[in-house]
Amino acid sequence: MSEPYNHRAIEQKWQNVWDEEKAFAATDDYSKPKYYALVEFPYPSGQGLHVGHPRPYTALDIVARKRRMQGYNVLYPMGWDAFGLPTENYAIKNKIHPKIVTENNVKRFKGQLHALGYSFDWDREINTTDVDYYKWTQWIFLKLFEAGLAYKTEMPINWCTSCKVGLANEEVVNGVCERCGAPVVRKVKSQWMLKITEYAQKLLDGLEDVDFIERVKVSQKNWIGKSQGAEVDFAIAGKEDKLTVYTTRPDTLFGATYMVISPEHPMIETYKDEIKNLQAVKDYQEQASRKSDFERSELAKEKTGVALEGLKAVNPVNGCEIPIWVSDYVLMSYGTGAIMAVPAHDTRDWEFAKKFGLPIIEVVAGGENVQEAAFTDVATGRLVNSDFLNGLEVAEAKKKIISFLEEKKIGTGKTNFKLRDWVFSRQRYWGEPIPVVHCETCGYVALPESQLPLELPEVESYMPTDNGESPLAAMTDWVNTTCPCCGGPAKRETDTMPQWAGSSWYFLRYTDPHNTEALASPEALKYWLPVDWYNGGMEHTTLHLLYSRFWHRFLYDKKEVPVPEPYQKRTSHGMILGENGEKMSKSRGNVVNPDDIVTDYGADTLRTYEMFIGAFELSASWSENGVKGCRRFLERVWKLLDIVTEGDAYSSDFEIKMHQTIKKVSSDYENLKYNTAIAAMMALLNDFVKKGSITRGEYRTFLILLNPVAPHITEELWSLCGFEGRLYAQSWPQYEEAKTVEDTVELAVQINGKTRAVVTLAKNVEKDAAIAAGKEAVKDKLTGTIVKEIYVPGRIINIVMK
RNA sequence: GCCGGCGUGGCGGAACUGGCAGACGCGCAGGACUUAAAAUCCUGUUGUAGUGAUACAGUACCGGUUCGAUCCCGGUCGCCGGCACCA
């Protein structure tokens, strides 16, 4: 009898061996075929690793380990996305420098990941807060600045009226400050912006050439939000001036019975002397400014608004004077900040019109009475009440009205994107300093490359100042500098970059992490890019994933990287929920600590369980009993050692099963189907146990197949069984297609689609013979007239009877 | 409100391209071993009826297409996630 399975000793032992042998280091031998597998690097939070982390990490660890066995030079790196708000807040609260907090957290995370036996190349570990790293983050910003893609503008921030600090959206809960409960208002501040909108079309086009799961592509497309429509000028009655709107439905122009502008629209200021109810309008603006973006977009709520009394707009196609309203459902940040309202065919406009008694005119035929409900199913249909558009199909009407508008010079066809520019500055300490100075004479001037890195200075307090400036603003000796352009006095930018900055290019750094001359050498980039497989959370689909594609595409245009798209393949994992099916959180008391699982059951059990828990892309609930089941499986694998018999070949009764399992496991590992791969190995194990013996050759293959999931126990068994060398360095097993199929097939015999019998026939049986055999098997039940006989080779025989 | 996803035994889930629904695991029940328990091993396990072979029902609900639907189409309900009321 063998020793009992002691996971603690085994896991420690093999982790040490792998470290010593540098088993998983990516080499710089660029003649070998490469494979770059990437998982999103974690934010090293104070809570330590969550059981959600190992799910994607294990999945790509499986792929990475398998690829190495297939002869690839594999890069599977790990690092730390360590700038960010929670660390800063913790630092403020506990008066510990964020650098120290980060160091401690990273240490803990690294220990936890190491204990899980991942095949990361730790020599390439990176940290976004290292000066040597963020030097290059700043360098990329300088490139963007030089290219005119970084600019300053006034943008509203969330402002806590009591703490006197700017807040992230996340810190605003129901319109009040998360920590003090005081009301939050929108305060306008000058902010650095990145012109991601200039790349909207390229980012859209780039999706055509990559292998992203469909829902990721759809989300990105919707976020970029390309639409074809028109800008239309509405004259303001009695003025030279005009109000321009963007609409995707210029064909419905005859149905526009009023206009709505956003509370921030500049025309309110322009015409303040002519607005008769200016006080009411100002009050409304004040109300709107109190609402956070999210609140303003909170729905199903009563529409609010106020009419601009004293001003009217003119519908350019029929000359009708129509009222102008102010309402917060129109946002300054999309289109022109003004809309033409067509209440007959838009739900929001309809609700607004009903509430304020505005006219509703049907212009697309086909619905019920538009006075009763908006008729919005108008992608097709014929125009009515629309003068020269009457009777036209929607598509034709659109074309005709646009050419009419262009001819009369009152409008123009226009492509619009929902995508907004990226607000790139934060009034915070724990981020990359923005390498720009402001000079009275030269304006905003970039630091020369030679002055990088611009190090984050030590400060006394990490609290933002009470006028909303970053804590760096208080350091006058750091702030006051000289202009690199004219040599005169200048002030440094005191805002820092958002957390997204460091994570927008980290995958480039892994290819050559210690380079001091460039973000990475051209050779390394050429060899390793693109990332072959990138897995990450759905929550990063529209921000991180899009931002990093944007930076990468920009660097490609500047010839700094060799490929236009950074990631060839993108997949996404589901969340791990608590035992009760709810999100894990301290307040719900359903948090599972991965350390406990590793201690009690072992890293291999945790890895196996997280892969077996359910479909990789869907969320799954934690189950301690499920963990036990996986532990039991590994115990049974361990005990197989006692029944290993001589023989390097597969035994005759297992030959087909072995080839089938190799095929199944190999393809499942590639297709996010880790759960069924493990199920197949469990089934094979059951068969071995039933038989009571397993040949060395069978055990050998079985261990290799299981190794990517449970690397420690399989490596130990490999060595106990006396196999040569290291398991991790073996070749991935091959299968022969011909040996995966049985000589016979089982065919279901159906009558009218219902299975009545099963017949076993030779696999290459002729159609007629198969049908005859099928009929024979169900002859008692063939009581009616046979109308049709269907034979699907290898599957079914269906006899259709009347 | 919009966008995306999901709905299958007591539970987690499986089912290739429309072809035997419920693989694998958990739980449960019975048995073996044990003084006993735990662990382990064996057997059974969608429901209803039947001693049984079997029959009928069954993949959220209603309908459709098809020889055949968990899978495709139309509609309804519920749950989860995301959001920037996107004109």
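All values derive from a computational prediction rather than experimental measurement. First the proteins, then the strands, lettered A, B, ... as listed; each starts at 1.
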Please tell me if [X] has a side-chain N or O lying less than 4.0 Å from either OP1 or OP2 of [N].
| X | N | value |
| --- | --- | --- |
| A:K418 | B:A84 | no |
| A:N752 | B:G68 | no |
| A:K673 | B:A15 | yes |

Could you give the distance separating [M] and [N] at their [atom1] atoms, to the nearest angstrom?
| N | M | atom1 | value |
| --- | --- | --- | --- |
| B:C24 | B:A14 | C1' | 8 Å |
| B:G52 | B:U45 | P | 12 Å |
| B:A60 | B:C71 | P | 8 Å |
| B:G13 | B:U46 | C1' | 15 Å |

With sequence neighbours left out, the residues meeting ring-ring contact (aromatic ring centres under 6.0 Å, His included) with A:F550 are A:Y199

Residue pairs meeting salt bridge (Lys or Arg N to Asp or Glu O under 4.0 Å), one or both in residues 617-627 of chain A, sequence neighbours left out, come to A:R215-A:E617

For [X], what residues pass the side-chain contact (heavy atoms from CB on, under 4.5 Å) criterion, not counting sequence neighbours?
| X | value |
| --- | --- |
| A:E776 | A:K779 |
| A:K664 | A:D668, A:T676, A:A680 |
| A:K414 | A:E231, A:Y246, A:N416 |
| A:L634 | A:Y5, A:D604, A:T605, A:T608, A:L706, A:A710, A:I713 |

Considering residues at least two apart in sequence or located in another chain, which fulfil the salt bridge (charged side-chain N to carboxylate O under 4.0 Å, His left out) criterion with [X]?
| X | value |
| --- | --- |
| A:R55 | none |
| A:K242 | A:D233 |
| A:K418 | none |

The correct list of stems in which RNA chain B takes part (3 or more consecutive Watson-Crick or G-U pairs, distances under 3.5 Å) is B:1-7 with B:77-83, B:10-12 with B:24-26, B:27-32 with B:40-45, B:46-49 with B:54-57, B:60-64 with B:72-76

Taking N or O atoms only and anything under 3.5 Å, show me the protein contacts with nucleotides 54-58 of chain B, one pair per line.
unit_1: B:C56; atom_1: OP2; unit_2: A:R756; atom_2: NH1; d: 3.1
unit_1: B:A57; atom_1: OP2; unit_2: A:K754; atom_2: NZ; d: 2.9

note: A:L419, atom CG; B:A84, atom C1'; distance rounded to Å ~ 11 Å

Should the pair A:K355 and A:F352 be classed as cation-pi, given the thresholds of under 6.0 Å to the six-membered ring centre and 45° from the axis?
-> no

request  = Determine the contact category for A:A680: base if any of its heavy atoms lies under 4.0 Å from a base atom, sugar-phosphate if only primed atoms, P, OP1 or OP2 are that close, otherwise nothing.
outcome  = nothing

*Quick one: label A:Q750 by what it contacts on the DNA or RNA (base, sugar-phosphate, nothing), any heavy atom closer than 4.0 Å.*
base

Taking the basic N atoms (NZ, or NE/NH1/NH2) and the acidic carboxylate oxygens, is any pair closer than 4.0 Å for A:K767 and A:E789? no

Readout for nucleotides 25-34 of chain B: B = base within 4.0 Å of protein heavy atom, S = sugar-phosphate only, - = neither; 5' to 3' it is SSS-------

